[in-house]
Novice: 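After the structure tokens below, expect a handful of questions from me.
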Amino acid sequence: MKVLLFTHEQDIDGMGNVILGSKAFKDFDYVTVKTFEVNQKVLEKIEDGSIYNYDFIFVTDVCIKEPLLSQINEDEKLRNKILVLDHHKSEIEEGNDKYDFVNIVVENEKGKTSGTSLFYEYLINNGYLKGNETLDELVELTRQYDTWEWKNIYNNYKARKLHILFEVLGYQEYIKIISRMVNEGNGIVFNDVEIKVIDDFDKKFKEDIDTIISGMKLYILDVNGEEFRIGYVRCPYKYRNDINEVVMLDNKYDVDLVGMIMSDMETVSYRLVHDVDASKVAVYFGGKGHKAASSNPQSNDKFQEVLEIFK
């Protein structure tokens, strides 16, 4: 079986699917996509005809949108070989799960899902992959980190260590490191080099955070009668899952959530400070996501007003 995977390239959840796919299939290719470019990447493969050379196509941790969904649905050959596995509730709200080849599951009997946990379950249930303790641990750590349960429920810093390796070393090196652990079969165990990478990241964050927080701008947004107090900052993408934790300790602007305008990417990420729904803000600005973690493009027309406060 010749398999092609499209998956999110910007976090460990997307990369978990690459590791699982390469373990499950001998003839396996993958394409990494940023949050808002999945349609473009899939369409390129359709237009050059290469997508039809594969027996099965998976799309994980991101969701194809209209009008490409309709185009695929009308193409019987393609429709029967493609499967979308995603877990973002905003995709359900947009109606992107109305096709049989799209499977969006936010929660199941095991709790909150991730792209990696859904793909792992699919591969095992369909006989493509045999689970083991190392894969179980990898999938669960990835799920915990992506759903924020590592912090809110388990206080499991090991999950965050995976994220740090990914952020510092990039997705290609991350895949190599985790694939090594999987092949060794001794669990998710970090060597001395990887431990130093993690420690250095934490040290640098402590050095940078005061400067980032001091530049925060308060923006009050009304979305259908619901008011959100958003503290916007400029920061590198690698810090997107850490800044709100610091703000919680000293919330001098009484913000509901932190909006992080990335200095090295064209996205804005949101993380909670109070119990609100960050996805409503992201969707307002043309984005998507979960209640606790969402994002939108900086290029959105509505978002230009926010960018003005930083000029």
Side-chain angles (χ1 to χ4, degrees), residues 1-11 13-110 112-129 139 142-143 146 279 283 286-290 295 297:
M1 180 183 290
K2 190 173 183 180
V3 175
L4 176 63
L5 170 71
F6 294 90
T7 193
H8 193 203
E9 76 173 38
Q10 292 168 263
D11 61 26
D13 194 24
M15 292 306 100
N17 297 300
V18 175
I19 294 161
L20 294 177
S22 62
K23 194 73 176 174
F25 305 107
K26 291 183 179 180
D27 196 348
F28 173 75
D29 297 321
Y30 67 90
V31 176
T32 63
V33 304
K34 293 181 172 63
T35 303
F36 302 106
E37 67 176 17
V38 59
N39 271 33
Q40 172 194 335
K41 293 291 188 177
V42 174
L43 189 58
E44 287 174 2
K45 294 291 185 181
I46 294 174
E47 291 179 341
D48 68 18
S50 61
I51 201 167
Y52 296 97
N53 297 327
Y54 293 91
D55 300 301
F56 216 148
I57 300 105
F58 295 99
V59 180
T60 58
D61 198 34
V62 287
C63 186
I64 301 169
K65 296 180 181 292
E66 296 288 12
L68 187 54
L69 283 171
S70 296
Q71 180 179 334
I72 292 171
N73 192 55
E74 293 168 4
D75 184 334
E76 183 178 359
K77 188 175 181 181
L78 185 56
R79 182 182 70 231
N80 290 332
K81 64 170 65 180
I82 193 167
L83 177 64
V84 178
L85 294 171
D86 193 21
H87 66 120
H88 296 94
K89 75 181 184 70
S90 57
E91 301 295 350
I92 296 175
E93 293 166 353
E94 289 181 18
N96 295 329
D97 61 338
K98 61 185 175 183
Y99 301 98
D100 290 340
F101 59 88
V102 178
N103 187 19
I104 302 174
V105 182
V106 179
E107 292 189 40
N108 58 23
E109 66 280 358
K110 298 178 182 178
K112 291 182 179 179
T113 65
S114 71
T116 299
S117 69
L118 292 173
F119 194 35
Y120 189 49
E121 185 176 314
Y122 175 88
L123 292 173
I124 290 176
N125 289 345
N126 287 274
Y128 296 122
L129 183 65
V139 172
T142 302
R143 187 198 69 81
D146 202 63
S279 69
V283 169
K288 67 173 188 177
H290 304 289
S295 65

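We use all heavy atoms of the structure for the numbers below, so side chains are in, but hydrogens, waters and symmetry mates are not. Numbers here are sequence positions counted from 1.
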Novice: Under 30°, 30 to 60°, or over 60°: which ring-plane class applies to Phe25 and Tyr128, parallel, tilted or perpendicular?
Specialist: tilted
Novice: Examine distances only and state if a side-chain atom of Asn73 and a backbone atom of Leu69 form a donor-acceptor pair shorter than 3.5 Å.
Specialist: no
Novice: Should the ring pair Tyr122 and Phe56 be called parallel, tilted or perpendicular, given that the plane angle runs from 0 to 90° and is split at 30 and 60?
Specialist: perpendicular
Novice: Hey, does the side chain of Glu91 reach the backbone of His88 with a donor-acceptor pair shorter than 3.5 angstrom?
Specialist: no
Novice: Rounded to the nearest 0.5 Å, how far apart are NZ of Lys112 and NE2 of His290?
Specialist: 8.5 Å
Novice: If you look at every heavy atom in Lys65 and Asn96, which pair is closest and at what distance?
Specialist: NZ-ND2, 3.8 Å
Novice: With distance as the sole test, does Arg79 use its side chain to make a donor-acceptor pair with the main-chain N or O of Phe101 at under 3.5 Å?
Specialist: no
Novice: I'd like to know if the side chain of Thr116 reaches the main chain of Asp13, judged simply by a donor and an acceptor atom lying under 3.5 Å from each other, with no hydrogens or angles considered.
Specialist: yes
Novice: Under 6.0 Å from the ring centre and within 45 degrees of the ring axis: does the NZ or CZ of Lys2 meet both conditions for the six-membered ring of Tyr54?
Specialist: yes
Novice: Would you please test Val59 and Leu83 for side-chain contact (heavy atoms from CB on, under 4.5 Å) and show each step?
Specialist: CA-CA 6 Å; Val59 180; Leu83 177 64; over 6 Å; no
Novice: Mind checking whether Tyr30 and Phe6 have ring centres under 6.0 Å apart?
Specialist: no
Novice: Quick one: does Lys81's side chain have a donor or acceptor within less than 3.5 Å of a partner on Tyr52's backbone?
Specialist: yes
